[in-house]
Protein chains: 2
Amino acid sequence: MHAIGTLAKRTGTKVQTIRYYEQIGLLPEPGRTEGGQRRYDDDDLDRLAFIRHARQLGFTLEAIRELLDLSDNPGWSCADVDVIAHRQLKEVEARLARLEALRKELKRMLRECSRDTVSDCRVLEVLRDHSACLADHGTGV
Amino acid sequence: MHAIGTLAKRTGTKVQTIRYYEQIGLLPEPGRTEGGQRRYDDDDLDRLAFIRHARQLGFTLEAIRELLDLSDNPGWSCADVDVIAHRQLKEVEARLARLEALRKELKRMLRECSRDTVSDCRVLEVLRDHSACLADHGTGV
DNA sequence: CTTACAAGCTACAGTGGGTAGAGGTTCAAG
DNA sequence: CTTGAACCTCTACCCACTGTAGCTTGTAAG
Ligand SMILES: [Zn+2]
Ligand SMILES: [Zn+2]
Ligand SMILES: [Zn+2]
Ligand SMILES: [Zn+2]
């Protein structure tokens, strides 16, 4: 039986975060001492470790909820699990593409700046006018 | 003189977002009609376009506030502007590195999965146990 | 000039994923 | 038995919006 602080230390989670996961139904309500303090067993520890690791891999709490549900049915096909992971991969790849474009444009802005006065600053110039910008983030203005 | 909806359409911003920017002091309070509706001039349009473009490049509203302040002093050195842009570049690069690691691990998980039952699913296995994971996201668990 | 209705207004709540603090209680070591 | 670290609940806050409810204003057609 572990106190909440032990769980926190062992999984690298803040105590408040553990209570938050309980509140949103991601962790089950644990047993309590007579005085009302939470006490966890090793299953809770494993479940929290799973959640934290999935969070580190960028899964949303909703996706994690689905994964936990699936993981409770060991005999089922893992196709659904893989669909969730694949969706996550696609999201990561989309964000990567977007960030890569931003990185390129930021580098270019900085490279082209003469480092003189604000009125000549290439960075501000590009920010004022997307047509001076090579990134393809939408066409507003 | 433009109504708020015109500004919204021309900059690809939601009407509520424009009112939000005003509320947090990023856009000045515009004039009003007798009936109380906001009316904007072309300077407001330029300022909003600047904000939206900087947002598309990932700058935070706080950074944008600084950039706008600097941009109001055309004679100053643009060193401060470039510091802000450089900071933003570093943040983008850090996120890129992190996402790249996630992408790699997600791909590996999916490649190695036998696509059989949940109990054998490689995806779940890796999520349960970081030591089966090649990503280097901290040492918690 | 009336009427219809799109577009505007304010105010407040909610999103995701937590984090911080106030103010009080309990556990465990010495 | 005392001390004090760790626990408890509750509330509010972070970012950058977004959505809703319930009302008022502006404008163009008939
Ligand atoms: Zn510059
Ligand atoms: Zn651009
Ligand atoms: Zn699988
Ligand atoms: Zn891992």
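Remember, predicted model here, so these are calculated numbers, not experimental data. Note on naming: letters A, B, ... go to the chains in the order of the sequence lines (proteins, then strands), and numbering restarts at 1 for each one.
- Annotation: side chain of A/Leu106 is in contact with side chain of A/Met109 (closest heavy-atom distance under 4.5 Å).
- Of all the residues in residues 86-106 of chain B, not one reaches under 4.0 Å from DNA chain C with any non-hydrogen atom.
- Here the CD atom belonging to A/Glu29 is positioned 8.5 Å from the CZ atom belonging to A/Arg38, to the nearest 0.5 angstrom.
- Looking at residues 16-30 of chain B, you'll see B/Gln16, B/Thr17, B/Tyr20, B/Tyr21 sit with a heavy atom under 4.0 Å from some atom of DNA chain D.
- Distance B/Ile4 CD1 to C/dC9 C1': 10 Å, rounded to the nearest Å.
- Side-chain atoms of B/Ser114 and B/Asp116 form no donor-acceptor pair, as typed in the model, at a separation below 3.5 Å.
- Between B/Asn73 and A/Val118 the shortest heavy-atom distance is O-CB, 3.4 Å.
- The two atoms that bring B/Asp44 and B/Pro28 nearest to each other are OD1-CG, 3.7 Å, heavy atoms only.
- Among the heavy atoms of the strands, none lies under 4.0 Å from A/Arg65.
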**side chain to side chain contact (heavy atoms under 4.5 Å, CB included) assessment of A/Arg32 paired with A/Gln37** = CA-CA 5 Å; A/Arg32 302 266 186 156; A/Gln37 297 196 1; over 6 Å; no
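- Following rounding to the nearest Å, A/Glu34 (CD) and C/dT26 (C1') show an atom-to-atom distance of 12 Å.
- For NE2 of A/His2, the number of neighbouring non-hydrogen atoms (other residues, nucleotides, ligands) closer than 6.0 Å is greater than 12.
- Applying the 4.0 Å criterion to OP1 and OP2 of C/dT25, one finds that A/Arg32 has every side-chain N and O outside that range.
- One can place CZ of B/Arg10 at 17 Å from C1' of C/dA7, the figure rounded to the nearest angstrom.
- Here the range on DNA chain D touched by chain B, meaning any atom under 4.0 Å from one of its heavy atoms, is D/dA16 to D/dG26.
- Mapped onto DNA chain D by nearest heavy atom, B/Arg39 and B/Thr60 fall at different nucleotides, with B/Thr60 at the one closer to the 5' end.
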**Request:** Let me see the working for A/Glu125 and A/Arg128 under salt bridge (Lys or Arg N to Asp or Glu O under 4.0 Å), right down to the final yes or no.
**Result:** CA-CA 5 Å; A/Glu125 195 182 326; A/Arg128 272 193 287 264; over 6 Å; no
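- For B/Arg122 against B/Ala132, the heavy-atom pair with the smallest separation is NH2-O, 3.7 Å.
- Straight-line distance from the NZ atom of A/Lys14 to the C1' atom of C/dG18: 9 Å, rounded to whole Å.
- Remark: B/Ile64 CD1 to B/Phe50 CZ distance equals 7.5 Å, nearest 0.5 Å.
- Remark: the B/Tyr40 side chain and the B/Arg10 side chain contain no N/O donor-acceptor pair separated by less than 3.5 Å.
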